[in-house]
Amino acid sequence: MNKLFIYSLVGSLLFASCSSTRRQFGSHRTSPATFNKAAVVTAHPLASEVGLMILKKGGNAVDAAVAVQFALAVVYPNAGNIGGGGFMLYRNSQGQYDALDFRETAPKKAHRDMYLDAQKNVIPDLSLYSQLASGVPGSVAGMWEAHQKYGKLDWKELLLPAIELARKGFKISERQAREFEDHKERFIKLNPTGAAIIKNTTWQTGDLFVQEDLANTIERIANEGRDGFYKGKTADMLVAEMNRGKGIITHEDLTSYQARWRAPIASSYRGHKVTSMPPPSSGGTSLLALLKSVEQFPLRRWGFQTDSAIRVIVEAERHVYANRAKYLGDPDFINVPVQQLIDSTKNAAKLNPFNFRQATLSKNVNADVIPGYESEQTTHFNIVDEQGNAVAITTTLNDSYGSGVIVDGAGFLLNNEMDDFSVKTGVPNMYGLTGEKANEIQPGKRMLSSMTPTILEKDGKLFMVVGTPGGSTIITSVFQTILNVIDFGQNAQAAVSSPRFHHQWLPDRIDVEKDAIDTTLRDKLTKDGYVINPRGTIGRVENILILPNGKLQAGADPRGDDTAKGY
Ligand code: GLY
């Protein structure tokens with residue numbers, strides 16, 4: 001990639017990033033962007049621009065995805081990363097699928113009770129905000145692996161936009177400035193020697209964010225491939241960072257990390273083939289189970305967020321999340337009964353006969369497990385290229401900015417994904433119930449995830465590419481977006497903008513966004529035993545629909561700075 005191209009990229013986007021329209025959620029933006037040939041939707045306008053430029057240069061969807069993953073690590077440090085992990089679902093233009101698991105793993109020195117004190121109580125913040133909170137990062141290995149198998153353009157070329165964005169800097173949005181300030185105290189505490197993200201004065205909208213150390217790290221990865229991260233200088237700095245705190249990731253953990261190709265899982269929903277991520281994500285399994293649970297009901301006739309539709313969706317979510325808590329974990333360590341969990345007859349039976357007048361109580365849908373808190377800060381992006389190859393990637397540091405620890409000298413944030421394990425497995429909780437073994441910590445094991453990159457086809461043709469961040473709400477957000485399109489006839493943007501609600505078995509309540517479920521209906525549901533819990537936004541869904549005329553309709557979530565680009 002020539003320098004001129006990069007300069008024009010950075011130059012043209014410096015302004016774009018700070019002036020990008022902050023689309024207010026609640027304005028219900030419903031007009032989708034429509035493109036003739038290719039589309040990219042990500043959480044950040046600069047990352048979408050990078051993906052678009054790679055496609056225009058002749059790169060395929062996987063090339064663009066690699067470039068976007070590295071660009072997000074620079075321009076969207078909340079969740080974009082090289083110090084975290086994720087999942088990629090891929091469908092080529094011939095209809096063949098592949099799934100790549102680049103989830104973090106527990107370091108070899110990890111053990112089941114590593115976050116408990118002598119009394120078996122969880123030590124506050126240890127699995128969240130410390131060097132010990134990190135799993136072995138998988139993102140660089142994942143991108144390397146994806147590129148080795150499917151990439152077309154030169155690896156180095158794909159990383160150049162990220163390097164330049166880090167080195168020259170970019171203007172931050174109002175939202176980003178606010179977030180940097182909100183997290184400042186944590187950054188200072190965890191990074192006593194300083195970091196680019198910590199500014200002596202207050203971050204303001206339009207400030208230039210320059211990350212020289214990160215630029216150098218990505219340059220090493222550009223020059224040396226995965227070894228630029230898992231070996232040599234970057235690895236030395238990461239291990240030194242571990243030694244500064246109580247971290248346990250070693251050189252051996254890094255060199256032995258492997259991303260894994262997995263067989264995607266698939267089912268059908270009203271004549272569409274739905275393909276999604278297998279374990280160690282619980283996402284695909286739960287999504288397919290949800291779709292199979294509600295398929296028997298006339299949702300389209302009932303209509304969007306009507307009384308009956310809400311009750312059926314909530315009860316389906318209640319049952320599926322109880323199973324999720326009990327059975328899901330890393331398939332390399334436990335036997336996950338995926339086919340049984342998505343079995344249409346079994347899921348349909350759970351809601352049959354259905355009581356439309358009274359809530360089921362979650363305590364009567366007992367799985368003997370109490371699910372833990374799951375952070376909602378992750379990010380998702382979709383790419384469809386000119387040939388019709390499609391990529392859906394959900395990637396994460398877990399919490400916003402991960403553990404908050406920035407590898408000294410290397411400039412990247414580390415994940416706090418260890419918290420996605422059941423840190424109290426086997427320890428009775430306040431209700432006297434014991435946690436499940438499926439997701440207990442073991443060396444080398446992948447922690448359970450909810451990430452749900454999903455691709456749908458209709459009549460053998462690509463139909464929809466979808467995914468979202470949102471921790472445990474990921475699954476229900478993807479589920480409702482699919483229903484919005486297939487059952488409620490919404491376009492790509494409306495399906496994403498529509499208000500959402502969420503039930504996850506425990507706590508036994510329906511979380512609702514401001515505009516979800518009208519107030520009369522909320523009262524009626526409350527009378528019938530449902531607990532309604534108003535909350536902030538749920539998820540940030542990205543969605544691409546392929547129309548019958550071959551055009552691409554893209555929906556970027558108005559809850560953030562998310563942006564669709566294409567041509
Ligand atoms: N850390 C969020 C997830 O993996 O689901």
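A quick note: this is a predicted structure, and the numbers were derived from the prediction, not measured. One is the number of the first residue; the rest follow in order along the sequence. Whatever order the structure lists them in is the order used to number ligands and atoms, beginning at 1.
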- Query: Heavy-atom contact under 4.0 Å between Arg103 and ligand 1?
  - Reply: yes

- Task: Could you see which bit of Met447 sits under 4.0 Å from ligand 1, with heavy atoms only: side chain, backbone, both or neither?
- Result: neither

- Thr378 to ligand 1: N or O pair under 3.5 Å? no

- Message: If the cut-off is 4.0 Å to any non-hydrogen atom of Met451, which atoms of ligand 1 fall inside it?
- Response: 3 (C), 4 (O), 5 (O)

- Query: For Lys109, does the NZ atom sit with more than 12 other heavy atoms under 6.0 Å from it, leaving out its own atoms?
  - Reply: no

- Message: In this structure, is the centre-to-centre distance between the rings of Phe381 and His44 below 6.0 Å?
- Response: no

- Item | SB check Arg262 Asp98 (cutoff 4.0 Å) | no

- Phe412-Phe229 aromatic ring centre distance below 6.0 Å: yes

- Looking at ligand 1, does Gln377 have a heavy atom less than 4.0 Å from it? no

- Go through Asp101 and Arg446 one step at a time and tell me if the salt bridge (Lys or Arg N to Asp or Glu O under 4.0 Å) criterion holds. CA-CA 10 Å; Asp101 162 2; Arg446 284 152 151 89; 3.0 Å; yes

